[in-house]
Amino acid sequence: MTSTCSEIYNQHEMETLRSEVSVSHSNMSESAKPHHPSPQVKGEKTHASDFSYVGIDAILEQMRRKAMKQGFELNIMVVGQSGLGKSTLMNTLFKSKVSRKSVQPNPEERIPKTIEIKSISHDIEEKGVRMKLTVIDTPGFGDHINNENCWQPIMKFINDQYEAYLQEEININRKKRIPDSRVHCCIYFIPPTGHCLRPLDVEFMRRLSKVVNIVPVIAKADTLTLEERDFFKQTIREELRANGIDVYPQKEFDEDADDRMINDKIREMIPFAVVGSDQEYQVNGKRILGRKTKWGTIEVENIGHCEFAYLRDLLIRTHMQNIKDITGSIHYETYRVRRLNESNAHFKSQPSDQPAVQPKANGQPEVKPSAPQANGVAAKHEVMSHEM
Ligand SMILES: Nc1nc2c(ncn2[C@@H]2O[C@H](COP(=O)(O)OP(=O)(O)OP(=O)(O)O)[C@@H](O)[C@H]2O)c(=O)[nH]1
Ligand SMILES: [Mg+2]
């Protein structure tokens, strides 16, 4: 590979607000600069002497300020066999203890192994930007002898979040800002076997890629040689293609030629072969996150050692907004349309002289006239399965 992923992404900076604002100001011609001081909002400049200046570019600064005030939300789910390094990788990603490790040196600190899906939220702040990060851990996925339908609880969890969002959205007195618990991205951990995908991996990704953005990674990539890693990556890409599995970034959602070019490069690299660690070491006077072995230290953020940095760039630095947009406009939308269609069909099949009993969002039954509401949605998602 000649160019780094960071370089590729830099050509297509997704979070452009801050930079565009500063570019527009720094490009301002001398004549456009204010001559008379006037009351202004911090960071703004007046264009009093520029007759043609309307000020449309100021919307960027307004959006930036609003976004800074509101903060951001990102919900990441990690799925994979127990001990593949899911919690460690989340810690590496956010350089803080966002997901507690299940394997601790001190047995008293050890978290009991669980098969329940758990969400842990953290408020992270960097350079004044606030982010609520929720990690949804699914310990022990596929650990059983019989793993038939083991993807079902995960599918249900994802649908439940869509349903919660839908119920908030259709509420007459809905909140100004609906809390977003929808899973924006699911990192799927592939065991570093070096052979091929297991039927379980194929089955999981085939089903789940239709309801959520899947980002597959090869876990504990330090256990593979470079040749094994390349071969494994190639094999996985071929298997994904052969099985019609569309992982993130999905080709069909590329917005333009630029997008396609950048995303094609990412697609050629997927799945990222990652190494995780939350241990800091000093290497050549620099503090790094790494794994110390007898023969040297693996630096997790060094692209010469592993592909963790590419994953981080994709999830946080370049595609975070796109990941959220696709969740809202594609995955959630598909769910919403199905639910509304189902509800309409349900109302049409109700005899018109009988009142329909419609459970409210809080679970209390409520007697309603048989005609559908403006939104036409009945709150009975237990029967709904957003599965294709
Ligand atoms: N060699 C290697 N070991 C790793 C890596 N990431 C984590 N580990 C080690 O693997 C063990 C399990 O890591 P965890 O992060 O707890 O794994 P997990 O997937 O969260 O496990 P469960 O919570 O049981 O599902 C720990 O001893 C980690 O230090 C890695 O990239 N390479
Ligand atoms: Mg864990």
Salt-bridge present (E238, R241; N to O < 4.0 Å): no
Residues K324, E73: salt bridge by 4.0 Å N-O rule: no
E342/R338 ion pair, N-O < 4.0 Å: no
Ion pair E169/R174, N-O distance below 4.0 Å: no
NZ/NE/NH1/NH2 to OD/OE distance under 4.0 Å, R287 and E280: yes
Lys/Arg N to Asp/Glu carboxylate O, R267 vs D254, below 4.0 Å: yes
Greater than 12 external heavy atoms within 6.0 Å of E255's CD: no
Parallel, tilted or perpendicular, as decided by the 30° and 60° cut-offs, for the rings of Y248 and H319: perpendicular
Side chain to side chain, T193 and F232, heavy atoms closer than 4.5 Å: yes
Note, I136 side chain near K118 side chain (heavy atom, < 4.5 Å): no
Closest non-hydrogen atom pair, S209 against I214: CA-CG1, 3.7 Å
4.5 Å side-chain heavy-atom contact, D258 and D256: yes
Face-on cation placement of R182 at Y332 ring, 6.0 Å and 45° thresholds: yes
E299 CD to K292 NZ distance, which is reported to the nearest 0.5 Å: 12.5 Å
From L89, T92, D222, D278, residue fulfilling side-chain contact (heavy atoms from CB on, under 4.5 Å) relative to V300: T92
Electrostatic pair R336-E333, nearest N-O below 4.0 angstrom: yes
Within-4.5 Å side-chain heavy-atom neighbours: F157 and S119: yes
